[in-house]
A.B. asks: 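Sharing a structure with you now.
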Amino acid sequence: MSLLSGKTVVVSGVGAGLGHQVAAAVVRDGGNAVLGARTEANLAKSAAEIDPDGAHTAYRATDITDEAQCEALVRLGVERFGRIDAVVHVAAWDSCFGGLEDADFTTWQSVIDVNLLGSLRMTRACLPGLKTGGGAVVFIGTQSAVAAPSQVRQAAYAASKGALTSAMYSLARELGPYRIRVNTVLPGWMWGPPVRAYVRFTAQTEGVPEAEVLERLSGRMALPELASDADVADAAVFLASDRARAITGQSLLVNAGELMR
């Protein structure tokens, strides 16, 4: 039997990177994927690539800062597939850079509204379905929440994702009696569109080959290459599946061994 056979998984933040890989892994492993993101064109492209006949995907433009839109995405999943078994939260504001001294706290509040409160809004919208037969909530956090990178400063992003991981512990206790599991995947440097852009920009800025910049990153890892978007997606799908039925309140680093805890 496939890992997610017959199950329906809501995936927020589906674009060209991790969200697409999570949705693809859900369908690959026998499940139905309900795709949400702010840009409908990205959703349509992703659905067409991973599920050409449309039998196992549904999508709706969704802003997770809007509770009504979160509820509408969940309704779509129930109407189309009859159930909600899991939600994987990929949607995030990860493009706010800087530290405390140059912080714009108005922007920080917006980052928190997306990364922390948005994920909680979507989780709450899924609860009626998840309570029906037990289910899984999988947050995508970041290694930066537990070990700040030296290459870039993303204090707002790290703080918001750290708060989300803290919320995970409370949710695991609160929702456990309904047999709902709540876990977090913590990616490190992850080979996908954002890191490709970072490598390309750094190489152009410094006038060095992209391979040199990539080697600086991969040289920090215990394994000789960066984890990929697909690697992180596989971890998320495992935690969403019944094979992780006894795992809750846990944070899993997927980082090729850069940080070990």
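Because the structure is a prediction, the values reported are computed rather than measured. Count residues from 1 along the sequence.
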A.B. asks: Check for me, please, whether L223 and V195 land in the same ILVMFWY cluster - side-chain distances under 4.5 Å, paths through other members count.
C.D. replies: no
A.B. asks: Please report the closest heavy-atom contact between M260 and A222, naming both atoms and the distance.
C.D. replies: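 For M260 and A222, the tightest heavy-atom pair comes out as CE-CB, 3.5 Å.
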A.B. asks: Is any side-chain heavy atom of V90 less than 4.5 Å from a side-chain heavy atom of V11?
C.D. replies: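 They are in contact (side-chain heavy atoms under 4.5 Å apart), so the answer is yes.
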A.B. asks: Which heavy-atom pair separates Y169 from G249 by the least distance, and what is that distance?
C.D. replies: CE2-O, 3.4 Å
A.B. asks: Are I180 and I84 connected into the same hydrophobic cluster when the rule is that any two of I, L, V, M, F, W, Y join if their side-chain heavy atoms are below 4.5 Å apart?
C.D. replies: yes
A.B. asks: Kindly indicate whether the side chain of T248, heavy atoms from C-beta on, has any atom under 4.5 Å from the side chain of L175.
C.D. replies: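 Answer no - side chains too far apart.
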A.B. asks: Determine the minimum heavy-atom distance between A61 and Q69, stating which atoms define it.
C.D. replies: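 Answer, listing the atom of A61 first, then Q69: O-OE1, 3.9 Å.
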A.B. asks: Does one hydrophobic cluster hold both M122 and L127, with members joined at side-chain heavy-atom distances below 4.5 Å?
C.D. replies: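 In one cluster: yes.
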A.B. asks: Is any side-chain heavy atom of H89 closer than 4.5 Å to a side-chain heavy atom of I140?
C.D. replies: no
A.B. asks: Report yes if the side chains of L3 and V237 come closer than 4.5 Å at any heavy-atom pair, otherwise no.
C.D. replies: yes
A.B. asks: Do T184 and L164 pass the side chain to side chain contact (heavy atoms under 4.5 Å, CB included) test, and can you show the C-alpha distance, the side-chain angles, and the key distance before you say yes or no?
C.D. replies: CA-CA 9 Å; T184 301; L164 186 61; 5.9 Å; no
A.B. asks: State whether the number of non-hydrogen atoms from other residues, nucleotides or ligands found under 6.0 Å of R196 atom CZ is greater than 12.
C.D. replies: yes
A.B. asks: Answer yes or no: is there a donor N or O on one side and an acceptor on the other, between the side chain of N183 and the main chain of I247, under 3.5 Å?
C.D. replies: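 Yes, because the side chain of N183 sits within donor-acceptor range (under 3.5 Å) of the backbone of I247.
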A.B. asks: Applying side chain to side chain contact (heavy atoms under 4.5 Å, CB included), run through V78 and R75 and close with a yes or a no.
C.D. replies: CA-CA 5 Å; V78 173; R75 280 197 305 273; 5.7 Å; no
A.B. asks: Mark yes when over 12 heavy atoms from residues, nucleotides or ligands other than E49 sit less than 6.0 Å from its CD; otherwise mark no.
C.D. replies: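 Above 12, so yes.
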A.B. asks: Quick check against the 3.5 Å criterion: does S46 have a side-chain atom that pairs as donor or acceptor with the backbone of N42?
C.D. replies: no
A.B. asks: Taking the side chain from R80 and the backbone from T57, do they hold a donor-acceptor pair closer than 3.5 Å?
C.D. replies: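 Yes, because the side chain of R80 sits within donor-acceptor range (under 3.5 Å) of the backbone of T57.
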A.B. asks: Does one hydrophobic cluster hold both V27 and L43, with members joined at side-chain heavy-atom distances below 4.5 Å?
C.D. replies: no
A.B. asks: So, does D231 use its side chain to make a donor-acceptor pair with the main chain of S228 at under 3.5 Å?
C.D. replies: yes
A.B. asks: Can you name the nearest heavy-atom pair linking P187 to M190, along with the distance?
C.D. replies: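 So the two residues come closest at CB-SD, 4.0 Å.
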A.B. asks: Donor-acceptor check, side chain of T62 to backbone of A37, threshold 3.5 angstrom: yes or no?
C.D. replies: no
A.B. asks: Before accepting this row, confirm whether a basic side-chain N of the pair D234/R28 lies closer than 4.0 Å to the acidic partner's carboxylate O.
C.D. replies: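 Yes, D234 and R28 are salt-bridged.
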A.B. asks: Which distance, rounded to the nearest 0.5 Å, do you find between the CZ of F139 and the CG of L120?
C.D. replies: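 Atom-to-atom, F139:CZ and L120:CG are 5.5 Å apart.
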A.B. asks: If you measure from OH on Y198 to CZ on F201, what distance do you get to the nearest 0.5 Å?
C.D. replies: 9.5 Å
A.B. asks: Kindly indicate whether the side chain of V34, heavy atoms from C-beta on, has any atom under 4.5 Å from the side chain of F81.
C.D. replies: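 Yes, at least one pair of side-chain atoms sits under 4.5 Å.
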A.B. asks: Please tell me whether I112 and M168 are part of a single hydrophobic cluster in this structure, the criterion being side-chain heavy atoms less than 4.5 Å apart.
C.D. replies: yes
A.B. asks: Please confirm whether the backbone N or O of A203 pairs with a side-chain atom of E210, one donor and one acceptor, at under 3.5 Å?
C.D. replies: no
A.B. asks: Which is it for Q21 and V232 under the side chain to side chain contact (heavy atoms under 4.5 Å, CB included) test, yes or no, and what are the steps along the way?
C.D. replies: CA-CA 9 Å; Q21 293 295 335; V232 175; over 6 Å; no
A.B. asks: If we ignore hydrogens and angles and just use 3.5 Å, is the side chain of S160 paired with the main-chain N or O of Y157 as donor and acceptor?
C.D. replies: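 Yes; at least one donor-acceptor contact below 3.5 Å.
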A.B. asks: As an exercise, state the distance from CG of L186 to CD of Q250, rounded to the nearest 0.5 Å.
C.D. replies: 11.0 Å
A.B. asks: Determine the minimum heavy-atom distance between N32 and G6, stating which atoms define it.
C.D. replies: ND2-O, 4.4 Å
A.B. asks: With rounding to the nearest 0.5 Å, note down the distance linking CD in E258 to OG in S218.
C.D. replies: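 Reported to 0.5 Å precision, the distance equals 10.5 Å.
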A.B. asks: When you measure from the side chain of D85 to the backbone of V9, do you find a donor-acceptor pair of N or O atoms at a distance under 3.5 Å?
C.D. replies: no
A.B. asks: Would you check if T65 and L117 make a side-chain contact, meaning some heavy-atom pair closer than 4.5 Å?
C.D. replies: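 No. Closest side-chain heavy atoms not under 4.5 Å.
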A.B. asks: If you measure from CH2 on W189 to CG on L259, what distance do you get to the nearest 0.5 Å?
C.D. replies: 14.5 Å
A.B. asks: Between V199 and W191, is there a side-chain heavy-atom distance shorter than 4.5 Å?
C.D. replies: yes
A.B. asks: Run the salt-bridge test on E67 and R121 with the 4.0 Å N-O cut-off and return the result as yes or no.
C.D. replies: no
A.B. asks: Which heavy atom of R181 sits nearest to which heavy atom of S241, and what is that distance?
C.D. replies: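 Closest heavy-atom pair between R181 and S241: NH2-O, 3.0 Å.
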A.B. asks: Judged by atom type as modelled, is there a donor-acceptor pair below 3.5 Å linking the side chain of K7 to the main-chain atoms of R83?
C.D. replies: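 Not at all, since once roles are kept as given, no pair shorter than 3.5 Å links the two residues.
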A.B. asks: To the closest 0.5 Å, what do you measure between NZ (K161) and OG (S166)?
C.D. replies: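 So the gap between those two atoms works out to 13.5 Å.
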A.B. asks: Between D51 and A55 (side chain of the first, backbone of the second, donor and acceptor by atom type, cut-off under 3.5 Å), is there such a pair?
C.D. replies: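 Answer holds: yes.
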A.B. asks: List the steps and the verdict of side chain to side chain contact (heavy atoms under 4.5 Å, CB included) for V74 and V87.
C.D. replies: CA-CA 10 Å; V74 174; V87 55; over 6 Å; no
